[in-house]
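Per chain, numbering begins at 1; letters A, B, ... match sequence-line order.
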Amino acid sequence: MTCPDRDKWALLSMKLLEPWQASMLEEHLMECESCREYFTQDRRDQAALVRTYEAYDRGHNELRDQLMASLPEEVPQRSRGGIIFHTVRRLGDSIMTNPKIRYTAATLSAAACLVFAFVILVGPSRSLALDKIGHAVQQTQTMVADLAVTIAGGTMPMSVTGKTYLSREYGSRTEMYMGGQHFLTTIQPVDGPVVSGRPGEALGFRIKYDDPSMHDPASFRPDDYIEKLWELTGNARAELGSDVIDGQDAVGFEIDGAALGLVGPTASDTAEGPAPPTSFELWVNEETFLPVRYTLTMPGASEGSLLTVVCDRFRWDVELEASLFDTSIFKEDEKPKFDVRVPAATEEALITGLRSYSELIEGEYPSALDFTRIGMDFYRIASSADEEQKKKLQGLGDPQTMMDRLMPLYAGTLFFQGMVRDGVEAEYFGPQVTPGDAEAVLVRWQLDAGDWRVVYGDLHVETLPAGDE
Amino acid sequence: MAPDGTAENQVVAASDETLVLGTLRGDRSAFAELYDRRARFIRAICYDATRDSHVASDLTQEVFLRAYRKLGDLADPARFGPWLVSIARRVCLEWRRGRIRDRQMLGQSLHDLEVIGPMHAPDDQVTDLREAIAKLPEKDRLALHSFYLQELDAEQARTVLGLSRSGLYRALASARRKLAEILHKQETFP
């Protein structure tokens, strides 16, 4: 075992690691003197911190008594908004307290990555959170499932089938078929770039990350996955009862789509009526709680169309050969059709990406800093019968140029979403801001010191003291 | 979780939400429990901003007084912790701006409080460590405060901060790494 990174030792001394992780590190300690020395120091740090924080106890009781004596006599009155919120919240809590549903949500997120696999294939859409989840499945080592994707109605009806393989050890592989013909395989090895193409032929595309941690499954903490499950749990909208799916007794759940990072196009309403709502259904084995079917239904990109993704025939913990994830099935010596470089998720990427977008779609910033949403918007514009709308996309150029120009935006959206996920106060006002407006705040987020970092409509950036934002 | 980490002790602890709702029904002891649970954490935040134990104690009292008065506006009682932190930030900011310069600065809200010096002169190592912690980025500091002042319970700590568990772990690991760099570079740490 190579030496773990130093953060692991801190987490060990804080007793925050899972028992199996702690055991691995402790075994390493037995054989590595330098880590032993480092960990000894780390434990001293831990003890000193505990002592230091104990000092905040001094005088606590007296201060509490003083405070209680000084509280106003009148009882604080609850606002009406608070009452409504609390009622809604309790519904979510009743779901969260049910361990079966919690476990179900866990399995759901594994299935969600299949949907994600499709999303990345049909458009430049990607959700890092789902990508992480797909590779961070804790309860299982491997998963195999079938995919069926149909777009009914609209200008681009289609039907695609596929199969996805996930392995914690090796990575992921998705094969797609149209009309029975194998047309695309995408492989994301644990330690290499994402590659896609048809086996035996040149690569269709290759994605390299400037920041390897953006796609390195090994760098994701198991807790990312666990945390995502909790988020999803609160979004189980309804139980769908029992049924027999693929010969298995199953129970079903309906899930709110936004929790998965998937949102439907926003303008698919037709003359016949409003677009159907996005719906997600998950059916799981009654005993194992592993998924047996997962169905996503959402409005398609073109008017009046309906996109349906079904994942079923799940198999869990089956043995998967390393060769399945071997990218040498492609002719890697040839240049891929698309060679994509993803910059690190930074402020610089965000600004570069927003500039590209505003140049491509003249006079607009994205409707949201969500790349899935942006991809859907592009797709909708491309499918639109409105020539004026389509003209907006002419600046995208060939697909390679488009990728080169959009990847900073992708990285920028990750930068923004990462802040939101980590609890940083961050806001985006794109739909209300005209490119070039030096006065209007386009994006802002709070820095550690309380100051605000503000990006304006003309993309100049300022740091404002707290309170001046 | 209790220091011994037993589930039994975990079960008996009321949630922040329960205590907030109890306070709104007029149960003052529920607010006292919230104070017991969170005041040390708020005191640590205020210390970071002021580097003065006495002022930190004063400001902490102010934070809780404001919280009590505004409790009915708290939309989601389960987020009492993050809400309290936002009040603390505001109070510390006001203090830093010089709007609060002396005992009168706390205005009527503290008129009947005779604040004592609760945190007696800490030993040198505690002082050094507090100073080092105060140099960390806010997110790292808050992660340390919440974790070490919530009985080393990650779940409670993340709840207070409104962070994901992985977000808390990252912040904690980052804080410990930076702290070690500061302390061992200064050679003030054992």
Side-chain angles (χ1 to χ4, degrees), chain A residues 6-11 13-16 41-42 44-46 48-53 55-64 66-72 75-79 81-82 85-86 89 93 220-228 230-231 421-424 447-450 466-467, chain B residues 23-24 26 28 31-32 35-36 39-40 43-44 57 61 64-65 68-78 89 93 110 112-120 122 125-126 129-130 137-139 144 147-149 152 154 161-167 169 172-173 176-177 179-180 183 189-190:
Chain A
R6 300 198 153 178
D7 288 354
K8 289 275 194 315
W9 297 118
L11 292 172
S13 68
M14 290 186 280
K15 297 186 168 53
L16 290 177
Q41 180 60 59
D42 201 86
R44 286 196 198 112
D45 291 1
Q46 167 74 359
L49 277 165
V50 169
R51 280 199 305 277
T52 296
Y53 278 101
Y56 283 108
D57 277 341
R58 296 171 188 162
H60 175 84
N61 290 344
E62 295 96 315
L63 283 167
R64 186 227 300 117
Q66 284 184 358
L67 177 82
M68 296 309 295
S70 71
L71 291 181
V75 175
Q77 294 300 306
R78 191 122 197 234
S79 69
F85 184 94
H86 180 65
R89 165 96 193 179
D93 286 351
F220 301 142
R221 297 187 194 286
D223 307 281
D224 283 348
Y225 172 68
I226 302 298
E227 177 57 31
K228 188 67 184 173
W230 279 87
E231 287 172 21
R421 194 170 52 243
D422 288 342
V424 174
L447 302 173
D448 286 338
Chain B
T23 305
L24 291 170
R28 290 164 76 94
F31 194 71
Y35 183 89
D36 283 345
R40 296 169 183 83
R43 221 171 276 143
S57 293
Q61 305 295 81
F64 275 89
L65 277 169
Y68 184 80
R69 288 183 174 137
K70 296 281 185 186
L71 203 57
D73 297 337
L74 174 59
D76 179 3
R89 279 194 182 120
L93 190 62
L110 287 178
D112 51 353
L113 278 185
E114 185 186 341
V115 176
I116 61 171
M119 291 185 287
H120 308 297
Q125 191 188 54
V126 168
L129 200 40
R130 277 189 184 169
E138 185 189 36
K139 187 192 230 176
L144 286 178
F147 180 67
Y148 286 97
L149 291 170
L152 311 185
L161 296 178
L163 280 180
S164 67
R165 193 181 303 185
S166 56
Y169 282 21
L172 279 173
R176 289 289 303 271
R177 187 173 61 250
L179 198 58
L183 292 169
F189 206 64

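Listed here is the closest heavy atom pair of B:Q61 and A:L63: NE2-O, 2.9 Å. Residue B:L149 comes nearest to B:A44 through the heavy atom pair CD1-CB, 3.8 Å, listed as atom of the first residue, atom of the second, then distance.
For B:R176, the part lying under 4.5 angstrom from a heavy atom of chain A is the side chain only. B:L179 touches chain A through its side chain: at least one heavy atom from C-beta onward sits under 4.5 Å away, while N, CA, C and O do not.
Side-chain contact of A:Q41 with A:D45: a donor-acceptor pair under 3.5 Å is present, judged by distance alone.
The CD atom of A:E62 sits 10.5 Å away from the OG atom of B:S57 when rounded to the nearest 0.5 Å. Distance check, rounded to the nearest 0.5 Å: CG of A:L71 to OH of B:Y68 gives 5.5 Å.
The greatest number of non-hydrogen atom pairs below 4.5 Å with chain B, out of A:V75, A:L447, A:T52, is found for A:T52. Ranked by non-hydrogen atom pairs under 4.5 Å with chain A, the options B:A32, B:G26, B:A154 are led by B:A32. By number of non-hydrogen pairs under 4.5 angstrom with chain B, the leading residue of A:K15, A:M14, A:R6 is A:M14.
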